[in-house]
Amino acid sequence: MGGMPSVLPDGEPVPDDGALPRHALEGAADRPLGFYLHVPYCATRCGYCDFNTYTATELRGSGGALASRDNYAAHLIEEVRQARKVLGDDPRPVRTVFVGGGTPTLLPAADLVRMLASIKEEFGLAEDAEITTEANPESVDPAYLSALREGGFNRVSFGMQSAKQHVLKILDRTHTPGRPEACVAEARAAGFDHVNLDLIYGTPGESDDDWRATLDAAIGAGPDHISAYALIVEEGTQLARRIRRGEIPMTDDDAHADRYLIADEAFAAAGFDWYEVSNWATTEAGRCLHNELYWRGADWWGAGPGAHSHVGGVRWWNVKHPGAYAQALAEGRSPGAGREILAEEDRRVERILLELRLREGCPLDLLKPDGLAASRRALTDGLLDPVPYGDGRAVLTLRGRLLADAVVRDLVD
């Protein structure tokens with residue numbers, strides 16, 4: 001997952017003390033609680049990136065002193081303390097922690113460990129808590145990975161994207177081919193049982209054979225989880241500008257579909273099962289629990305600039321700029337920029353949007369009459385699996401996964 005979209009929605013203001021409406025904590029004990037920690041720094045900005053991230057140059061002079069990498073962990077720990085106050089006597093230990101960015105591993109390992117320790121201190125961690133950080137293959141080495149493992153991290157996610165140099169170049173990725181695979185071995189040696197590689201398909205100039213080579217390299221590296229995402233060209237990015245100028249060609253939807261089928265077949269042959277449209281794992285324990293919290297509408301607190309949170313039907317998001325974020329915390333205020341209270345109908349629609357992407361699918365009783373009629377058509381068209389359908393669940397077939405967005409649109413009516 002990782003990354004925070006760069007444009008924040010509008011919403012009502014967040015109170016200075018961040019207090020939640022009373023109903024948000026009703027029944028909380030029955031829902032898992034996770035933490036997302038956003039580290040907004042990158043060494044360079046990738047041409048396809050639309051996330052809330054900053055390079056050192058971009059931060060200079062714009063409240064940058066407050067927002068420097070050196071004191072970032074201290075600010076984030078301050079927000080974890082605020083979270084403890086806002087959640088009051090909520091007894092839940094934290095089930096998952098996910099450090100994303102940006103490039104979290106631009107901070108010293110000791111800073112990431114301190115941030116995790118503050119969650120443990122304020123909330124406690126569940127006995128089988130999943131603790132993940134994203135990592136740039138070029139910004140870690142065996143000593144760094146060992147320090148993370150000793151500090152309590154038990155899952156690491158490397159951004160590999162592609163095994164081909166010319167594809168990485170279009171994406172402005174700075175690592176050398178072969179480095180992500182070496183990282184998996186280093187992570188295993190440091191004691192990580194769970195390792196993910198992130199891949200991107202459909203980059204302009206990538207051929208089917210380039211993609212096959214990437215899949216072979218990723219599977220051969222021995223992770224127990226692989227995420228594969230179609231490249232989305234976001235407006236306002238360097239990549240969008242290059243495509244518009246005709247410097248590089250846009251990849252069409254048919255090519256995306258072909259790459260997805262190639263990937264799913266390669267993963268299945270290597271013992272990886274899909275459990276969400278873009279995610280495959282070799283075992284049940286290898287699934288990303290943190291992402292499952294998002295997909296199942298559980299509670300999570302997102303700390304850091306631009307991070308989003310959700311507790312009991314209340315969603316809020318922090319101010320985007322690291323300088324403004326640091327300022328709010330220095331003044332003892334919530335860094336929240338806005339929030340919305342989700343109505344019952346919003347929550348129903350979101351459940352369908354998210355749960356339909358999962359292997360377990362979504363319950364048919366979430367659908368209204370029009371959505372139910374659409375689900376029967378999807379069944380006839382081979383987009384939904386007839387067996388779970390008979391048990392009251394809409395589950396995508398392989399063809400349905402290729403058309404997931406369209407199926408979801410029809411079912412939420």
Side-chain angles (χ1 to χ4, degrees), residues 1-3 96-101 103-105 109 112 128-142 144-149 152-164 167-168 171 173-201 203 206 210-231 259-260 262-292 295 358-359:
M1 284 291 275
T96 66
V97 178
F98 193 104
V99 186
T103 306
T105 46
L112 300 188
D128 53 352
E130 174 192 271
I131 317 289
T132 307
T133 185
E134 292 182 334
N136 179 318
E138 299 297 334
S139 62
V140 294
D141 57 22
Y144 191 105
L145 290 164
S146 293
L148 289 180
R149 185 68 196 94
F153 284 83
N154 53 26
R155 187 172 181 278
V156 61
S157 175
F158 295 108
M160 175 174 173
Q161 279 70 43
S162 174
K164 301 302 257 183
V167 176
L168 291 170
L171 294 172
R173 294 299 290 194
T174 51
H175 62 258
T176 40
R179 179 65 199 136
E181 299 92 302
C183 284
V184 176
E186 289 172 11
R188 293 286 191 211
F192 282 92
D193 290 332
H194 300 301
V195 182
N196 170 59
L197 289 176
D198 272 344
L199 306 178
I200 288 179
Y201 59 88
T203 300
E206 176 192 64
D210 291 336
W211 178 231
R212 285 193 183 94
T214 293
L215 293 168
D216 288 347
I219 290 165
D224 65 333
H225 189 288
I226 298 180
S227 302
Y229 302 105
L231 178 67
R259 304 277 154 81
Y260 186 90
I262 291 168
D264 192 65
E265 196 177 322
F267 294 146
F272 285 80
D273 287 321
W274 81 282
Y275 70 98
E276 192 273 345
V277 170
S278 304
N279 290 273
W280 291 259
T282 54
T283 62
E284 194 81 17
R287 290 176 165 207
C288 178
L289 262 175
H290 185 79
N291 284 346
E292 289 194 311
W295 298 326
L358 296 172
R359 186 165 200 141

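Just so you know, these numbers come straight off a predicted model, no measurement behind them.
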Can you measure from OG (S162) to CG (L215) and round to the nearest 0.5 angstrom? 9.5 Å

Atom pair CD (E138) and SG (C183), whose distance is rounded to the nearest 0.5 Å: 7.5 Å

May I ask you to decide if E292's main-chain N or O and R287's side chain share a donor-acceptor pair within less than 3.5 Å? no

To the nearest 0.5 Å, what is the distance between CG (D193) and CZ (R188)? 7.0 Å

Are side-chain heavy atoms of R155 and H225 found at a separation under 4.5 Å? yes

Could you pull out the closest heavy-atom pair between L145 and A187, with the gap in Å? CD1-N, 3.8 Å

Taking the side chain as C-beta and beyond, is there a heavy-atom pair between W211 and L199 under 4.5 Å? yes

Any side-chain heavy-atom pair from H290 and E130 closer than 4.5 angstrom? yes

Where is the tightest heavy-atom contact between P142 and E186, given as atom of each residue plus distance? CD-OE1, 3.6 Å

Of the options W295, W274, F272, which is the one that meets N279 in a side chain to side chain contact (heavy atoms under 4.5 Å, CB included)? W295

Test side-chain contact (heavy atoms from CB on, under 4.5 Å) on L231 and L171; report intermediate values, then the result. CA-CA 10 Å; L231 178 67; L171 294 172; 4.0 Å; yes

Quick check against the 3.5 Å criterion: does N196 have a side-chain atom that pairs as donor or acceptor with the backbone of G286? no

Residue pairs fulfilling salt bridge (charged side-chain N to carboxylate O under 4.0 Å, His left out) with at least one residue in residues 210-221, sequence neighbours excluded: D209-R212

Do W280 and D264 have side chains that get closer than 4.5 Å, going by heavy atoms? yes

Can you name the nearest heavy-atom pair linking R149 to G191, along with the distance? NE-O, 2.8 Å

Summary of salt bridge (charged side-chain N to carboxylate O under 4.0 Å, His left out) pairs that have at least one residue in residues 272-281, sequence neighbours excluded: E276-R357

Side chain proximity check, E134 to V99, heavy atoms < 4.5 angstrom: no

Distance (rounded to the nearest 0.5 Å) between S146 OG and F153 CZ: 14.0 Å

So which atom in T105 and which in Y144 form the shortest heavy-atom distance, rounded to 0.1 Å? CA-OH, 3.2 Å

Under 3.5 Å: donor-acceptor pair, side chain of Y260, backbone of Y201: no

Find the distance between OG1 (T132) and CG (L148) and round it off to the nearest 0.5 Å. 11.5 Å

Derivation of the side-chain contact (heavy atoms from CB on, under 4.5 Å) call for K164 and E206: CA-CA 9 Å; K164 301 302 257 183; E206 176 192 64; over 6 Å; no

If you round to the nearest 0.5 Å, how far is OG of S278 from CD1 of I226? 13.0 Å

Passing candidate, side chain to side chain contact (heavy atoms under 4.5 Å, CB included) with Q161, options T203, V167, L168: L168

Check A228 against F267 and note the closest heavy-atom contact, atom names and distance. CB-CE1, 4.4 Å

Heavy-atom pair of closest approach, residues A218 and P223: O-CD, 3.1 Å

